[in-house]
*Asks:* 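If you scroll down you'll find the structure; I have some questions about it.
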2 protein chains.
Amino acid sequence: MQRLDALTSLKRTFRRGEYLYRCGESFRALYAIRTGFFKTQVLHEDGREQVTGFQMPGEIIGLDAICSDAHTCDAVALDDSEICEIPFDRLEELSRDLPGLQRHLHRIMSREIVRDQGIMMLLGSMRAEERLAAFLLNLSQRFSARGYSPNAFHLRMTRQEIGSYLGLKLETVSRTFSHFQEHGLLSVKVREVEIMDLLRLRSFVGST
Amino acid sequence: MQRLDALTSLKRTFRRGEYLYRCGESFRALYAIRTGFFKTQVLHEDGREQVTGFQMPGEIIGLDAICSDAHTCDAVALDDSEICEIPFDRLEELSRDLPGLQRHLHRIMSREIVRDQGIMMLLGSMRAEERLAAFLLNLSQRFSARGYSPNAFHLRMTRQEIGSYLGLKLETVSRTFSHFQEHGLLSVKVREVEIMDLLRLRSFVGST
DNA sequence: AAATGCGTTTGATATAGGTCAAAAACCATG
DNA sequence: CATGGTTTTTGACCTATATCAAACGCATTT
């Protein structure tokens with residue numbers, strides 16, 4: 001356990017807008033978010049961007065870099081944040097001695113794969129309203145798991161970033177928020193969201 | 001190395017249309033494809049399906065099940081196939097003794113995450129022609145890596161399955177094939193594809 | 001307090017891709 | 001080789017979302 005503590009001893013802080021890593025940089029460590037908020041994005045050479053995820057405290061980023069020893073996306077702080085660096089070779093070493101840690105690591109990687117499957121489902125076969133509803137419910141659930149209200153929260157990302165993540169244009173995101181508001185599902189004031197009717201919002205997605 | 005051989009000794013065959021596993025089934029093993037062709041899909045309760053991938057020999061499926069000890073998607077043979085079962089607990093055990101194997105497993109999981117990022121990019125920010133071009137180029141590259149022609153191959157999946165994977169309707173897939181053919185990029189006769197102008201097809205992805 | 005600047009909202013219009021429908025091609029089976 | 005079922009193609013039309021454009025809100029600077 002001391003060794004595990006030693007593994008996670010290096011902490012770093014980031015201001016809003018700063019990059020934790022950039023696509024192409026060589027891979028050394030995974031990062032556990034302690035506080036704050038990040039996004040990960042892939043950039044196409046023609047300038048198009050695809051936001052691949054929003055990460056909150058307790059989540060691990062950098063897993064994509066293992067396969068090629070280089071990061072395949074950017075990670076950007078959306079809020080002042082603190083992360084904890086986990087050197088990957090030492091993590092592998094330690095997980096050889098600690099089956100519980102090994103299993104944990106595998107679970108984390110697998111969970112990321114399942115998360116991605118969910119996004120494929122979202123992007124591949126949902127309509128705009130379903131996408132936004134699924135997105136909000138996902139945030140709600142994650143805030144809730146961290147002890148915050150599942151019904152009222154502050155969005156750390158712009159409409160454009162939400163749109164990129166959901167495969168929609170920012171105007172469509174904005175309009176869909178307005179629709180939801182008109183129908184009494186939620187109240188939204190720029191970045192502040194309050195979900196009024198969680199059940200009905202859920203029924204939009206079909207499941208969850 | 002004997003232990004590694006022992007690990008991969010259980011083989012099974014599947015006829016076209018048979019399920020390797022189904023969503024919800026409990027997780028015991030990963031599967032390495034020896035011969036044949038599979039698809040993985042997630043089903044929404046309202047009947048919508050999302051194909052999450054097409055797998056060929058040498059590829060590993062089942063990684064999604066690690067995190068919850070249950071499969072989160074279906075895997076269906078698209079061709080008569082042979083797979084090799086890899087009991088996961090024994091794989092973990094062995095990878096504690098063999099750092100090379102451990103690293104290999106991590107790379108495979110990470111590669112899957114990167115693959116999924118690519119699909120998000122595709123679904124989130126490409127148009128129909130780009131999606132289909134990217135799909136064909138991906139198949140081409142994978143056939144090529146297996147010693148088959150990169151220019152001529154047989155599609156194992158239906159237009160509907162391609163469409164589901166690419167977030168398009170089957171009619172759109174069909175029409176886009178026709179467009180490509182009209183422009184001399186490829187020749188397609190139902191399931192037989194021959195790429196005539198690989199460079200120009202490539203220039204589709206990442207332009208416009 | 002005015003000016004600047006980004007992010008957001010809203011409206012008008014355009015279009016890529018979806019939907020519906022029918023015909024054609026293909027494939028498995030008796 | 002005739003049959004019936006599936007898959008594919010193609011056409012006509014429609015709609016969800018994109019695009020373009022303008023105004024607005026809010027925060028920061030001057």
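Each chain gets a letter, A, B and so on, in the order the sequences are listed, and its residues count up from 1.
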*Asks:* B:Glu161 CD to D:dT8 C1': how many Å, rounded?
*Replies:*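 Nearest whole value for this atom pair: 14 Å.
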
*Asks:* Using whole Å, what does the distance between atom C1' of nucleotide C:dT9 and atom NE2 of A:His179 come to?
*Replies:* 12 Å

*Asks:* Examine the side chains of B:Gln55 and B:Thr40 and answer whether a donor and an acceptor come within less than 3.5 Å of each other.
*Replies:*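 Yes.
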
*Asks:* Between A:Glu192 and A:His154, is there a side-chain donor-acceptor contact under 3.5 Å, judged purely by atom types and distance?
*Replies:*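 Side chains of A:His154 and A:Glu192: pair found under 3.5 Å.
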
*Asks:* When you check the phosphate oxygens OP1 and OP2 of D:dC26, does a side-chain N or O of A:Arg191 lie under 4.0 Å from one of them?
*Replies:* no

*Asks:* Establish, from distance only, whether the side-chain atoms of B:Gln50 and B:Ser164 form a donor-acceptor pair under 3.5 Å.
*Replies:* no

*Asks:* Assess, by modelled atom type and distance only, whether the side chains of A:Glu171 and A:Gln160 contain a donor and an acceptor separated by less than 3.5 Å.
*Replies:* no

*Asks:* Using the ring of each side chain (for Trp, its six-membered ring), is A:Phe143 parallel, tilted or perpendicular to A:Tyr148, with breaks at 30° and 60°?
*Replies:* perpendicular

*Asks:* Restricting both atoms to N or O, compile the protein contacts to nucleotides 9-11 of chain D shorter than 3.5 Å, with distance only.
*Replies:*
from   : atom 1 : to       : atom 2 : distance (Å)
D:dT9  : OP1    : B:Arg159 : NH2    : 3.2
D:dT9  : OP2    : B:Arg159 : NE     : 2.7
D:dT9  : OP2    : B:Arg159 : NH2    : 3.4
D:dT9  : OP2    : B:Ser174 : OG     : 2.9
D:dT9  : O5'    : B:Ser174 : OG     : 3.3
D:dT10 : OP2    : B:Ser178 : OG     : 2.7
D:dG11 : N7     : B:Arg175 : NH1    : 2.9
D:dG11 : O6     : B:Arg175 : NH2    : 3.1

*Asks:* Students often get this wrong, so: under 4.0 angstrom with heavy atoms, is B:Gly167 touching a base, only sugar-phosphate, or nothing?
*Replies:* sugar-phosphate

*Asks:* Nearest of C:dG18, D:dT17, D:dT7 to any side-chain atom of A:Ala128?
*Replies:* D:dT17

*Asks:* Tell me: CZ of B:Arg156 to C1' of C:dC26, nearest whole Å?
*Replies:*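 Computing the B:Arg156:CZ to C:dC26:C1' distance gives 18 Å.
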
*Asks:* In whole Å, what is the span from the NZ atom of A:Lys169 to the C1' atom of C:dA14?
*Replies:*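 Nearest whole value for this atom pair: 15 Å.
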
*Asks:* Do B:Thr72 and A:Gln117 have side-chain N/O donor and acceptor atoms under 3.5 Å apart?
*Replies:*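 Their side chains do contain a donor-acceptor pair, which is all the 3.5 Å distance test asks for.
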
*Asks:* Taking CG from B:Leu166 and P from C:dA16, how many angstroms apart are they, rounded to a whole number?
*Replies:*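 About 18 Å, once rounded to whole Å.
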
*Asks:* Return the value, rounded to whole Å, for the distance between atom CD of A:Gln181 and atom C1' of C:dT10.
*Replies:* 13 Å

*Asks:* Without decimals, in angstroms, what is the distance between B:Arg16 CZ and D:dT6 P?
*Replies:* 13 Å

*Asks:* C:dT8 P sits how many Å from A:Leu168 CG, rounded?
*Replies:* 15 Å

*Asks:* Given A:His104 and A:Ser95, is the side chain to side chain contact (heavy atoms under 4.5 Å, CB included) satisfied, shown in steps?
*Replies:* CA-CA 9 Å; A:His104 191 60; A:Ser95 80; over 6 Å; no

*Asks:* Heavy-atom nearest nucleotide on DNA chain D for B:Gln160 versus A:Arg131: which residue maps closer to 5'?
*Replies:*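 The residue mapped nearer the 5' terminus is B:Gln160.
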
*Asks:* Apply the test salt bridge (Lys or Arg N to Asp or Glu O under 4.0 Å) to residues B:Glu161 and B:Lys39: give CA-CA distance (whole Å), side-chain angles for both, the deciding distance (0.1 Å), then the verdict.
*Replies:* CA-CA 9 Å; B:Glu161 285 163 337; B:Lys39 70 167 173 179; 2.8 Å; yes

*Asks:* Taking atom types as modelled, is there a side-chain donor on B:Glu92 or A:His106 under 3.5 Å from an acceptor on the other?
*Replies:* yes

*Asks:* Considering the terminal five base pairs at each end of the helix from C:dA1-D:dT30 to C:dG30-D:dC1, what angle separates the two local helix axes, rounded to 10°?
*Replies:*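 Helix axis angle between the two ends: 40°.
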
